Amino acid sequence: MEKYIPEKIEKKWQRFWEEKGYFEVDTRDTSRKFYALVMFPYPSGTLHVGHCRNYIIGDALVRYKKMQGFRVLSPMGWDAFGLPAENAAIKEGIHPWEWTRKNIQVLKRQLHSLGAGYDWKREITSCLPEYYRWTQWIFLKLFEKGLAYRKEAPVNWCPSCKTVLANEQVVDGKCERCGAEVIIKEMEQWFLKITQYAEELLKDLDLLPNWPEKVKVMQRNWIGKSEGVEIYFRLKDIQWEKGKILPVFTTRVDTIFGATYVVIAPRHPLLKEILKAVDEKKKKEIEEFLNRWRSTVKKAGEEVEKEGVFTGVYAINPVNDEEIPVWVGNYVLYEYGTGAIMAVPAHDQRDFEFAKRYSLPIRVVIQPEGETLDPSTMECAYEEPGIMVNSGKFSGLKSEEGKKKIALWMEEKGIGKRSVCYALRDWLVSRQRYWGAPIPIIYCEKCGIVPVPEKDLPVLLPQNVEFLPTGESPLKFVPEFLNTTCPKCGGKAKRETDTLDTFVDSSWYYLRYVSLEKDKPFEPEVVNKWLPVDQYIGGVEHAILHLLYSRFITKFLRDIGWVNFPEPFQNLFTQGMVVKDGAKMSKSKGNVVSPDELIEKYGADTLRTYILFMGPPEKDVEWDDRAIEGEWRFLNRYWRKAEEIREWEIKEGEVKIENLSEGGRKLFRRVHRAIKEVTQDMEDFRFNTAIAKLMELLNDIYALTPKNEEDRKALKFAILNLTLLLHPFAPHVTEEVWERLGNKPSIMDQLWPRYEEKYLAEEEITVVVQVNGKLRGKFTAPPDADQDFLKEKALSLPVVQKYTEGKEIKRIIVVRNRLVNVVTE
RNA sequence: GCCGAGGUGGCGGAAUUGGUAGACGCGCAUGGCUCAGGACCAUGUGGGUUAAGAGCCCGUGGGGGUUCGAGUCCCCCCCUCGGCACCA
């Protein structure tokens with residue numbers, strides 16, 4: 001009997017799989033295809049066991065699907081552009097590519113040592129020109145369709161990373177990457193018009209029943225659809241681009257009769273006209289306010305004191321022709337709705353605070369049922385539904401009903417129309433950094449903004465650059481890059497020096513994996529057959545960012561005819577974090593657990609099995625250094641038993657049930673049951689319980705002392721099936737055992753085992769006996785015994801007689817194959 | 001504040017969806033093997049009561065309810081985690 005030495009066998013099988021190309025797939029053959037994808041990593045430093053969970057889940061799935069006869073595509077690559085590489089360049093003087101390349105080597109080694117199988121012929125590295133050339137191509141397509149554009153807008157600026165950030169990259173007012181407080185700046189930047197797809201991105205979430213509800217809810221929140229009414233206020237004495245009309249958006253049109261003033265955003269274009277029209281004193285007052293507003297540092301996600309100033313002009317409420325003042329206020333966003341609001345202080349807390357501060361009138365138009373609100377004593381706005389009052393012919397209606405009626409009435413009268421607003425903003429994609437794909441745009445003195453012609457792609461990122469975090473792209477200081485000629489007129493021109501957000505890189509990589517073409521981003525014919533991805537696996541931290549952007553880009557590519565499906569990821573699984581001492585693993589906290597030492601000590605199979613056994617894969621789990629011993633023991637026990645059985649040199653042949661001992665029959669049935677249950681667990685991603693059942697099966701194997709040759713055959717049958725079922729979790733040791741038991745490698749060529757229905761039933765069933773719902777005893781019975789038999793048997797038990805003595809038996813509940821409950825008075 | 005997920009032994013976690021709560025594993029205890037330790041093997045392990053066993057009582061965040069029977073269903077409350085939040 002040989003000892004189990006993982007070190008010896010794991011290297012052997014990793015080499016075997018690689019040499020025989022076990023994970024390579026020809027995508028031109030689309031029969032029985034299964035596209036399994038784990039989110040490609042950003043290559044920073046080394047993997048810890050938390051990252052490993054992702055790849056282990058993915059690999060278990062890949063192997064399981066392969067054994068089910070699917071042609072599984074399992075690619076891997078590197079999300080290789082990004083700030084950490086550039087920061088390393090600034091700090092350590094190492095070139096971002098050098099740093100990235102080294103990290104890729106480390107990660108690759110680690111993935112190999114886990115035994116994770118990938119088609120390395122399809123490796124993607126997003127920072128290499130052969131890839132980012134096509135990222136730039138997508139940008140040009142977006143530009144061509146008017147979906148990539150420049151605008152000046154308030155943007156998120158990270159003072160530490162010295163670059164702008166997308167809204168999605170600001171978490172709690174802080175930079176998602178470095179944690180610094182993000183401030184709002186007015187800047188001209190490149191945006192992608194994701195808002196054009198807002199409705200579809202929202203609606204098509206319904207096409208994704210197998211996405212976690214949590215993720216869909218987050219996306220819905222983020223898109224933030226609101227249905228309401230755009231109301232046209234008439235301006236008194238003043239005109240602007242929309243004539244005398246000032247549209248405002250509200251979701252509470254039922255409160256329109258309570259509007260006592262109107263507020264426009266500081267950036268609202270009407271303000272320019274107002275400044276022209278009003279007298280000097282007023283003008284000064286407004287400008288003072290605007291200057292104060294401009295000079296305050298606005299932190300992202302921070303609520304500021306509501307301030308504003310009366311503009312001197314009036315608007316007319318179209319429902320009652322009332323003249324109300326137009327204010328400008330810092331709490332109104334230009335980016336949302338129409339950039340102007342009607343203020344109903346009695347029924348909106350924000351307006352209420354503003355009205356209190358400036359002593360503006362408060363008028364109640366919604367009364368809670370059975371109560372009377374008094375504006376002079378109200379301490380906060382009443383925002384709930386209620387009965388409408390002071391609302392002309394709508395008074396007396398329930399507010400929810402009034403909302404609908406007023407909207408229709410306004411449309412009839414032409415003083416408003418129903419409208420929809422989204423909280424989603426366009427995606428800011430320019431970054432003032434070096435380590436990203438250059439934006440393929442040229443600024444010509446004569447022709448203005450000119451896209452780089454497709455044939456000139458890629459716009460190469462220059463190699464020799466000085467890395468100084470100045471707040472401007474380092475490319476600005478590379479004259480050979482910066483200065484160019486206009487593709488249109490041939491005149492002097494300058495290149496765009498900002499680079500693309502790395503989320504642009506990752507928004508389409510899953511398409512390229514299936515078809516790595518030289519002269520195009522991918523071959524649509526192949527992509528349309530392999531996509532959508534059958535199973536996508538990754539962290540929930542991308543619930544909004546990457547997953548929303550990818551959905552957007554897919555829809556765009558569909559609209560320009562490059563793909564024919566609306567959603568890129570049919571099924572999504574988000575795994576939970578592995579935490580240590582209650583916190584996310586991170587270098588700064590010093591609580592990272594490296595897979596390397598664990599693999600050295602126990603082998604990859606033990607680590608893989610343990611990580612999957614720890615708990616349900618979608619939930620966070622606490623890492624425990626000691627508990628991994630359990631899996632080490634399990635695999636050793638498995639190995640020893642397999643060796644013992646090997647030494648019996650059992651002849652081939654089917655197990656003959658009639659020749660088995662009672663214990664042998666029991667084990668034989670347990671094997672069938674294990675196949676059934678483990679298969680179901682695999683389908684449901686319940687790897688933890690699948691492994692628990694395999695441990696039980698091994699315990700059952702150990703429980704049988706063979707009475708005859710047939711029993712020994714049953715044991716071999718059991719260990720072979722256990723080997724097959726265990727393979728997705730512990731691929732190396734199962735390959736080795738499979739071979740040592742006299743079979744031809746690879747075990748992956750075997751079909752996943754099947755169970756037979758007739759062997760699932762137990763020979764004997766334990767029936768529980770309750771008296772008044774309390775467990776009092778049990779007995780055994782043959783399966784499917786009839787009710788009367790069970791009733792009789794239960795009543796004959798001495799315990800039951802003890803508890804029912806002198807009492808009337810009211811009812812007896814019999815649940816077949818399960819229990820008898822005797823109910824007394 | 002709103003939305004979502006969750007609360008089960010000393011610990012990680014199971015529970016056929018209303019039917020033996022605590023599978024499986026860690027840890028712990030006792031015994032075996034060993035010069036010894038480790039490894040390994042066997043047995044036990046929710047709490048209380050008891051010399052021990054049997055027995056009995058309690059027990060799935062708290063309180064109430066439905067039911068022959070509730071971790072599971074309903075109502076109220078508490079706590080933890082995640083997301084959103086001047087979005088009109």
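If you're wondering where the values come from, they're calculated on a predicted model, not measured in any experiment.
Within the 4.5 Å cutoff, the side chain of A:V262 has no heavy atoms near those of the A:W327 side chain.
For A:D700, the side-chain contact (heavy atoms from CB on, under 4.5 Å) partners are A:L667, A:R670, not counting sequence neighbours.
Candidate nucleotides B:A21, B:G25, B:G4 were compared by shortest atom distance to the side chain of A:L775, and B:A21 ranks first. Checked against B:G27, B:A88, B:C84, the side chain of A:R633 finds its nearest nucleotide in B:G27.
Just one of A:I56, A:I628, A:I611 meets the side-chain contact (heavy atoms from CB on, under 4.5 Å) condition when paired with A:V49; it is A:I611.
OP1 and OP2 of B:A14 both lie 4.0 Å or more from every side-chain N or O belonging to A:R686. The phosphate of B:A88 has OP1 or OP2 within less than 4.0 Å of a side-chain N or O from A:S226. At the phosphate of B:C56, OP1 or OP2 sits under 4.0 Å from a side-chain N or O atom of A:Y803. Between A:N636 and B:C40 there is no side-chain polar atom (N or O) within less than 4.0 angstrom of OP1 or OP2. Checking the phosphate oxygens (OP1, OP2) of B:C26, no side-chain nitrogen or oxygen of A:R626 falls inside 4.0 Å.
Secondary-structure annotation of RNA chain B gives the stems B:1-7 with B:78-84, B:10-12 with B:24-26, B:27-32 with B:40-45, B:46-49 with B:55-58, B:61-65 with B:73-77, with a stem taken as at least 3 successive Watson-Crick or G-U pairs whose two distances both fall under 3.5 Å.
The nearest heavy atom of RNA chain B to A:A340 and to A:V768 marks one nucleotide each, and the one closer to the 5' end goes with A:V768. If you find the closest nucleotide of RNA chain B to A:N821 and to A:N221, the one lying nearer the 5' end belongs to A:N821.
For B:U16, the base has a donor-acceptor partner in the side chain of A:R818 [N/O atoms by modelled type, under 3.5 angstrom]. Donor-acceptor pairing under 3.5 Å, judged by distance alone, is absent between the side chain of A:K810 and the base of B:C68.
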For every nucleotide of nucleotides 42-49 of chain B, 5' to 3': is a protein heavy atom under 4.0 Å from its base (B), only from its sugar-phosphate (S), or from neither (-)? --------
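No more than 12 heavy-atom neighbours from other residues, nucleotides or ligands sit within 6.0 angstrom of CD on A:E600.
A:V304 comes within 4.0 angstrom of a base, heavy atoms only. Using a 4.0 Å heavy-atom criterion, one finds that A:D620 contacts the sugar-phosphate atoms exclusively.
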